[in-house]
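The next block holds one structure in the form of C-alpha cells; read it before the comments.
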Amino acid sequence: MDLRTKKTLRSINNAFIELRSKKPLCKISVKELCEKAMISKPTFYLHYKDIYDLSDIFEKEIINSIISSTDFLENFPDNFAQKYRNLLDAFFAQGQILNIIFSEDRKSEFSHKLEVAFKEKLITKFPQYKDDIKFMIFVDYTVYGVFHTVILNLDKPLDIMYDTVIQLTEVCVNNAVDILKK
C-alpha cells in the first residue's frame, strides 16, 4: 500500500471515529464523512461500499487486534484462566475506541463478531474442537456473557468492572475446564 493510500485511509478512519463519537452510525452520511476527512466521495467509494462497510471493516480490525494481541490459543487449553485474563487485558486496552465504535446501536454486534472471529481462529488452530458441542457452548457462554457484560458496563468505573469480571471469569473458567473434560 502506498503512502498516499495510507494517509487517505487514516484520514477516513479518524473522521469516522470523530463522527461516531458524536452520533449513531445510521446518522452518518458519506458526504459528511468525506468533508470531515477532506476527501472526495469517489475516493471514499474506491475503498468502501458505504458507511456500513467501513464500520464493519473497522469493527473486524478491532476484534482481530484483540484476539491477535494475546497468546490465547498457544498450548490451548493449558493455563486457560490466565490466558482469558490476557484476552480481557487486550480488550480493555482498546477501551475508548470500543466505547465509540460499538456504542448505542452497535453494542450487540461486538459480542457476535468477537464470537465468530474467536471460533474461526480456534477451529483453524484446533480442528478437533469443531464438533465438540460442550466446548462450543462454553465459547458462546464466555464470549457473550463476559464481553457483552463489559460492553454494557463501560460507563462504570473500569477498575471495579475489570476486577469483578476477572474474578467471575476465573471462577467460571476454572470450573468449566473440569466440566469440559467429562
Side-chain angles (χ1 to χ4, degrees), residues 1-73 84 86-125 130 136 139-159 161-162 165:
M1 183 181 314
D2 71 0
L3 185 59
R4 194 174 65 206
T5 302
K6 286 181 183 179
K7 285 182 177 181
T8 298
L9 292 175
R10 189 177 317 117
S11 179
I12 291 170
N13 287 341
N14 290 340
F16 181 68
I17 291 168
E18 186 177 335
L19 291 169
R20 277 295 283 134
S21 70
K22 297 174 184 169
K23 56 173 73 176
L25 182 62
C26 62
K27 300 285 185 186
I28 300 172
S29 69
V30 171
K31 179 182 178 197
E32 179 182 30
L33 182 112
C34 290
E35 288 171 1
K36 176 107 17 222
M38 296 186 286
I39 61 166
S40 67
K41 284 173 78 172
T43 299
F44 175 85
Y45 288 116
L46 184 64
H47 301 285
Y48 306 101
K49 290 182 246 174
D50 56 26
I51 288 291
Y52 293 96
D53 183 44
L54 167 62
S55 183
D56 185 56
I57 290 168
F58 206 89
E59 290 168 2
K60 285 178 182 174
E61 286 175 4
I62 291 170
I63 287 168
N64 286 332
S65 171
I66 291 170
I67 292 173
S68 299
S69 68
T70 69
D71 65 346
F72 192 74
L73 296 178
Y84 215 88
N86 295 346
L87 189 62
L88 282 168
D89 286 342
F91 173 83
F92 280 104
Q94 298 282 336
Q96 184 66 21
I97 194 75
L98 282 172
N99 212 9
I100 292 169
I101 299 302
F102 290 103
S103 64
E104 300 151 6
D105 57 332
R106 306 296 294 170
K107 281 186 179 184
S108 63
E109 286 294 312
F110 174 76
S111 297
H112 175 70
K113 288 182 178 187
L114 182 65
E115 178 240 353
V116 168
F118 185 76
K119 280 183 177 176
E120 283 175 3
K121 278 202 174 241
L122 183 71
I123 290 168
T124 299
K125 187 154 178 96
K130 181 180 181 188
M136 289 301 154
V139 170
D140 290 339
Y141 180 80
T142 54
V143 169
Y144 281 96
V146 172
F147 292 100
H148 195 69
T149 298
V150 170
I151 284 289
L152 290 175
N153 290 285
L154 282 173
D155 59 334
K156 308 292 188 301
L158 281 182
D159 57 334
M161 194 222 338
Y162 176 82
V165 168

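You'll find the side chain of C34 stays beyond 4.5 Å of the side chain of K31, heavy atoms only. For the pair L54/L33, a side-chain contact is recorded, criterion being any heavy-atom separation below 4.5 Å from C-beta on. Using a 4.5 Å cut-off on side-chain heavy atoms (C-beta onward), F16 and L25 make contact.
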Side chain to side chain contact (heavy atoms under 4.5 Å, CB included) evaluation trace for D56 with Y48: CA-CA 10 Å; D56 185 56; Y48 306 101; over 6 Å; no

Under the criterion side chain to side chain contact (heavy atoms under 4.5 Å, CB included), I'd like the reasoning laid out for I123 against F118: C-alpha separation, chi angles, the key distance, then a yes or no. CA-CA 9 Å; I123 290 168; F118 185 76; over 6 Å; no

Give the C-alpha distance, both sets of side-chain angles, the deciding distance and a yes or no for side chain to side chain contact (heavy atoms under 4.5 Å, CB included) between I67 and L114. CA-CA 8 Å; I67 292 173; L114 182 65; 3.9 Å; yes

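The CD1 atom of I51 lies 14.0 Å from the NZ atom of K27; values are rounded to the nearest 0.5 Å. Atom CD1 in I101 sits 5.0 Å away from atom CD1 in I62 (nearest 0.5 Å). The CG atom of L122 sits 10.5 Å away from atom NZ of K125, with the distance rounded to the nearest 0.5 Å. In this structure, NZ on K119 lies 13.5 Å from OG1 on T124, to the nearest 0.5 angstrom. Atom OG of S29 is separated from atom CG of D50 by 12.0 Å, given to the nearest 0.5 angstrom. Rounded to the nearest 0.5 Å, atoms CE (M38) and OG1 (T43) are 13.0 Å apart.
Atom NZ of K156 has more than 12 heavy atoms from other residues, nucleotides or ligands within 6.0 Å. Around atom OH of Y141, no more than 12 heavy atoms belonging to other residues, nucleotides or ligands sit under 6.0 Å away. The neighbour count for H47 NE2, taken as heavy atoms of other residues, nucleotides or ligands under 6.0 Å away, is above 12.
Between A90 and I66, the closest heavy-atom pair is CB-O, 3.6 Å.
Residues satisfying the salt bridge (charged side-chain N to carboxylate O under 4.0 Å, His left out) test with E59, not counting sequence neighbours, are R106, K113. By the side-chain hydrogen bond (donor to acceptor under 3.5 Å, both in side chains) test, E32 is found to be paired with K23, residues two or more places apart in sequence or in another chain being considered.
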Under 3.5 Å, sequence neighbours excluded: what are the donor-acceptor pairs made by side chains of residues 5-12?
{"from": "T5", "atom 1": "OG1", "to": "D2", "atom 2": "OD1", "distance (Å)": "2.5"}
{"from": "T8", "atom 1": "OG1", "to": "R4", "atom 2": "O", "distance (Å)": "3.0"}
{"from": "S11", "atom 1": "OG", "to": "A37", "atom 2": "O", "distance (Å)": "2.6"}

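When atom types are taken as modelled, the side chain of S21 and the backbone of E18 share a donor-acceptor pair closer than 3.5 angstrom. Listed for the N64 side chain is a donor-acceptor partner under 3.5 Å among the backbone atoms of K60.
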